[in-house]
Structure formats: C-alpha cells, structure tokens
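The figures that follow rest on heavy atoms only: side chains count, while hydrogens, waters and symmetry mates do not. This one's a predicted model, so the numbers in the text were calculated from it and none came from an experiment. Throughout, protein chains are lettered first and strands after them, A, B, ... in sequence-line order, and every chain is numbered starting at 1.
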Protein chains: 2
Amino acid sequence: MDIDSYTNHQKIIVAVDCIIFGFDGNQLKALLIKRGFEPQKGKWSLMGGFINNNEDADCAAVRVLNKLTGMDNLYMEQLHAFSRVDRDSAGRVISIAYFALINIADYSEQLQVEHEAKWFELSQLPELIFDHTAMVLKAQDLLREKVARHPIGFELLPDKFTLPQLQSLYEAIYETSLDSRNFSKRILSLGVLNKLDEKEKKSSRRGAFYYVFDSIKYKNLEASGVRFV
Amino acid sequence: MDIDSYTNHQKIIVAVDCIIFGFDGNQLKALLIKRGFEPQKGKWSLMGGFINNNEDADCAAVRVLNKLTGMDNLYMEQLHAFSRVDRDSAGRVISIAYFALINIADYSEQLQVEHEAKWFELSQLPELIFDHTAMVLKAQDLLREKVARHPIGFELLPDKFTLPQLQSLYEAIYETSLDSRNFSKRILSLGVLNKLDEKEKKSSRRGAFYYVFDSIKYKNLEASGVRFV
DNA sequence: GCAAAAGTGTTTGGTCTACACCCATGA
DNA sequence: TCATGGGTGTAGACCAAACACTTTTGC
C-alpha cells in the first residue's frame, strides 16, 4: 500500500441528515420535510444535504440546519454514521446523522411553508424514507441519555420558562410523569436556575414564576456529575 | 435538485480507524501500529482501512480488526465520524472511528510482530498521526460512560476472572481506587456473576475465586438501569 | 365562590460511604 | 511463622420516593 492507494481509492458520497427536536409545551416533536426530489419525492424525510469537499460534517450540518430554520447557533451534536450499502435506493451514500434542539416557537411559519416542513409527534411519525426512522429512534435514545446529565433541555424552551414547563418537557422526553414537589426540589437544589420576578399568566390564573438557566453557575458544577432527571 | 445530483455529487474517501483497548491486569492499554506506508510512514497510528463500495462501516471495522488481531466477534462500537477537511495530510478522507475491547492475553505475539503493533498505556501514548490522539481520548470517554452502565468490562478480561481482577480493571478505567468491600457488595448484589469452585492462585497464596459473567441473568435486568460502577 | 394550576415539607426506606480485621496459604 | 493478598460486616450520612393540602386569581 502506498500513497496512490489514497488518491485512487473508491470514493463515496457522504451526506448529513438532521433530526430536529422541538417541544410545543406538551409533546416532543421532530421536524420533517416533504422530500422535493427523486428518489422518493413527496415522501416524508429528514432534512439533509451532501458534504462538499471543502467542508467538514459539522459545517454541512450547520448549513443544512440553517437552510431549513434560518437559524445559526442551534444546539447540535453528531449522532451516528449510517452506512448500509443499500440504505439509499439511488446509490451508495453514507449519511452522518446529527440531532439538533430548537425552541419550537422560534421556528418561522414561513420556512415551514417554503420547505413543506411539518412537526410530528414522535409517537406518530409518518413513514420515512430510507433508514430515517432508525435515525430518529437513535436520536431519541441519545436525547434521553444526554438530557439527564447535561443542561440541554433548556435549548427546547424559551429563554424564560416556568418550572411546570420544564417539568412537562422532561415528562415528554421520558414519557413518564414526575412528582412536582420532588421535581422542583431537585432542580432548584442544583442552583443553576435564576428566578425572575415575572410570571407567566397564560396557562393558569395564579401564574407561574419564570426562571432562566444560569450557564455561569452551571460551569462550576459541570465536572461533578450533575443529574437533571 | 434531481437524481443526477446524486450520481454527480462530490465523493469522498471514507475510512475506519479502530481504537483497541486491552487490560493487562494493571493498566488499560491501547494497541497501536507503526504505520507501514506514506504519508507519515513509521509513525504510530491507529489501525485503519478504507471503506469499499460493497461494505458498510461496521464490516470495514470488523475486517480491519480481524486483520490486526485474527479475531472475529470482538466487542466493537462506532465512536464518531471525524471529518476535518485537512485531517489527513494526503487528501480528503473522512474517518469513522470505532472502539473495540479485547482480552489482551488472547492477542498473539506473532501478529504483534507482523504488524509492528504495540500496546501503550493510555497515559503514555506516543505522538500519533493526524487526529488519532483525539480519537483515542474520545474513545476513552465513551469507554468510561459505557462501562458504568453496560456489562462490557468483561470483554477486557478472560472468561474466568476474580473479583480483584475486575476491581483493578475498573480502577484502571476510571483512574481511581475503590474500596474492595463496597466493590464486591455492589457487584455481587447485581446477581450477574456466577462463582466457580476454582481459584486463581498465581497472584496470591490464598487464591481468589473465579467468577463468570452470566449474560442470561443480565438480560433480565437490562431494562432496569443497572450500574456497574 | 369556584375552578384550575402553582407552590410547598415531612417521613421513610434504601443506597452509598467510610472504615479494619481475620483468613488461607506457600514459602 | 510470617508475608501476602483475599474476603467480609456495620453504622451513619445522604438521597430518592411517596405522599396532600394550601394559595392565588380570573371568571
């Protein structure tokens, strides 16, 4: 084997696909698009794109996410490379899947129309092309693992959120129900939330205090293995 | 965009690289090879290879592992796709890294010679080519995460092992020391080890009982979030 | 005044930690 | 008989889970 093996070796198209999670206050959802080109045109699909020679996979994922959402700085993480030889019916394509978290309220109606995109409850996903269903399921597993130990749940909520909102987010992610007394004790005892003087008054007469996540306070705890859920 | 975009799109060489962990009774080690071809010939490197058009990444990793170790059925898991544009000095190559666990005693001297391979303590890695050092460090993180919640530590030991051996494995992985009373209580209380009548007599006069991991008993616990460390 | 959601404390059981001595054996 | 590593129990601290009522306020 010599250097020619490099330049001569079989090359493969490499893509990225993005699982975008959002939370509408009750349900955990994924953003899917109606595929605009063949093969499988018109089927539901993850948003994806090919990796160019002058960009790495993270850049490609950022580009794809930006195209669909108009946003930069989304929380984003590599999930897994999917490489089954026949996974794409049009030819050999390896796809590096990413998952991203987005505050669903920030997602513009207009982009939704432009891309024929739609939020689907995870329990009611339509049939997806290729191996995209497996990608979503794997992303859901990783989300559950991550969210318990890292402060990424907040990415799914507005900057200001109430404890009941945060609780129902965790309930949606884990498909469980939590005791509100134990929940607020544990979360507040971490000391990474700052209570505001302001109340959210839409969802109850009494109103619930807003909190914000304090990433500086969190930094000091990070090493010591915090558990959010 | 249409179907031609598929077949015409820029293609990229895709490789796999394998981080192979072993445990010699005291130290956690990684198996490295002296690279036999340019670029960077003679430098220390992970064992790797290119993905062919007719195989997926897992197959390529199995093939690479088999070539170096002569073994099939190694415990193996995808780690991460490394895709920096300039990561390989000879051209654009995306590498999907895998980590594998091996019982170091099973690794043949002969293959070690053939491939100019050598076991290195993780704290004393030589300089590695490209981004291989980052791969090893990321693999070490994943190993620590996995080993606490999944029964994969046993892959690094012989089928029959003693509690002191298992303890020193965990101590090596986490670079810590554990209390032997607490350790044996926790591990045995999981009920997934079967004690044999036989003793290991090399490392002490008294001898330590051998145990074997019982994967059937483990299956029944799997769902309920077992913690090994 | 009533419906609807927010907010809050205590008890209990289990789990984790810290800690030290005796045992079995080969030399 | 002694040196070496193997094996074991208990008490206290801490953490997690179970559990229900009062508060606020818009209607």
Side-chain angles (χ1 to χ4, degrees), chain A residues 23-27 144 147-149 157-158 160-172 174-212 221 224-229, chain B residues 23-27 144 147-149 157-158 160-172 174-212 221 224-229:
Chain A
F23 177 65
D24 70 358
N26 285 301
Q27 301 282 345
R144 285 180 180 154
V147 108
R149 314 204 152 264
L157 294 172
K160 300 188 298 190
F161 51 85
T162 66
L163 289 190
Q165 284 168 359
L166 187 60
Q167 180 176 340
S168 65
L169 169 63
Y170 286 125
E171 288 175 334
Y174 293 102
E175 289 172 357
T176 185
S177 70
L178 301 171
D179 180 274
S180 63
R181 290 162 291 190
N182 293 335
F183 179 78
S184 66
K185 248 180 298 171
R186 188 176 48 250
I187 287 287
L188 294 176
S189 75
L190 297 176
V192 298
L193 298 186
N194 295 330
K195 188 176 189 171
L196 304 185
D197 276 338
E198 199 186 344
K199 280 185 165 182
E200 191 276 332
K201 307 274 294 179
K202 279 185 216 108
S203 48
S204 74
R205 309 198 193 293
R206 181 176 176 177
F209 282 104
Y210 279 119
Y211 288 80
V212 291
L221 292 182
S224 53
V226 179
R227 252 197 55 221
F228 289 87
V229 194
Chain B
F23 177 64
D24 70 359
N26 285 302
Q27 300 283 345
R144 285 181 179 155
V147 109
R149 315 204 152 265
L157 294 173
K160 300 188 299 190
F161 52 85
T162 66
L163 289 189
Q165 285 169 355
L166 187 60
Q167 181 177 340
S168 66
L169 169 63
Y170 286 125
E171 289 175 334
Y174 293 102
E175 288 170 359
T176 185
S177 71
L178 301 171
D179 180 275
S180 63
R181 288 163 291 190
N182 294 336
F183 179 78
S184 67
K185 249 180 299 171
R186 188 176 46 250
I187 288 287
L188 294 176
S189 74
L190 297 177
V192 298
L193 298 186
N194 295 331
K195 188 176 190 171
L196 305 184
D197 277 336
E198 198 185 346
K199 279 185 166 183
E200 192 277 331
K201 308 272 294 180
K202 276 184 219 111
S203 46
S204 74
R205 309 200 191 289
R206 181 177 178 177
F209 282 105
Y210 279 118
Y211 288 80
V212 291
L221 291 182
S224 53
V226 179
R227 250 196 57 220
F228 289 86
V229 194

In numerical order, the residues of residues 179-191 of chain B whose heavy atoms come under 4.0 Å of DNA chain C are D179(B), R181(B), N182(B), K185(B)
Could you tell me the separation between the [atom1] atom of [X] and the [atom2] atom of [Y], rounded to the nearest 0.5 Å?
X: N194(B); Y: K160(B); atom1: CG; atom2: NZ; result: 14.0 Å
X: K195(B); Y: T162(B); atom1: NZ; atom2: OG1; result: 12.0 Å
X: F183(B); Y: F228(B); atom1: CZ; atom2: CZ; result: 10.5 Å
X: L166(A); Y: E171(A); atom1: CG; atom2: CD; result: 10.0 Å

Could you check how far [atom1] of [X] sits from [atom2] of [N], rounded to whole Å?
X: K202(B); N: dA27(C); atom1: NZ; atom2: C1'; value: 19 Å
X: L163(B); N: dT8(D); atom1: CG; atom2: C1'; value: 12 Å
X: L178(A); N: dA18(D); atom1: CG; atom2: P; value: 11 Å
X: F209(A); N: dT24(D); atom1: CZ; atom2: P; value: 10 Å
X: L166(A); N: dG7(C); atom1: CG; atom2: P; value: 12 Å
X: Y210(A); N: dA6(C); atom1: OH; atom2: P; value: 12 Å
X: E171(A); N: dA5(C); atom1: CD; atom2: P; value: 14 Å
X: Q167(A); N: dA5(C); atom1: CD; atom2: P; value: 14 Å

With S203(B) as partner, the option from R206(B), K201(B), E200(B), R205(B) fulfilling side chain to side chain donor-acceptor pair (under 3.5 Å) is E200(B)
Can you see which heavy atom on [X] is nearest to which on [Y], and at what distance?
X: A172(B); Y: F23(B); result: CB-CE1, 3.7 Å
X: N182(B); Y: D179(B); result: N-OD1, 3.0 Å
X: Y211(A); Y: L188(A); result: CE2-CD2, 3.7 Å

Between the protein and nucleotides 25-27 of chain D, which nitrogen or oxygen pairs come in under 3.5 angstrom?
from    : atom 1 : to      : atom 2 : distance (Å)
dG26(D) : OP1    : K201(A) : NZ     : 3.4
dG26(D) : N3     : R205(A) : NE     : 3.3

Side-chain donor/acceptor of E198(B) to backbone N/O of Y210(B), under 3.5 Å: no
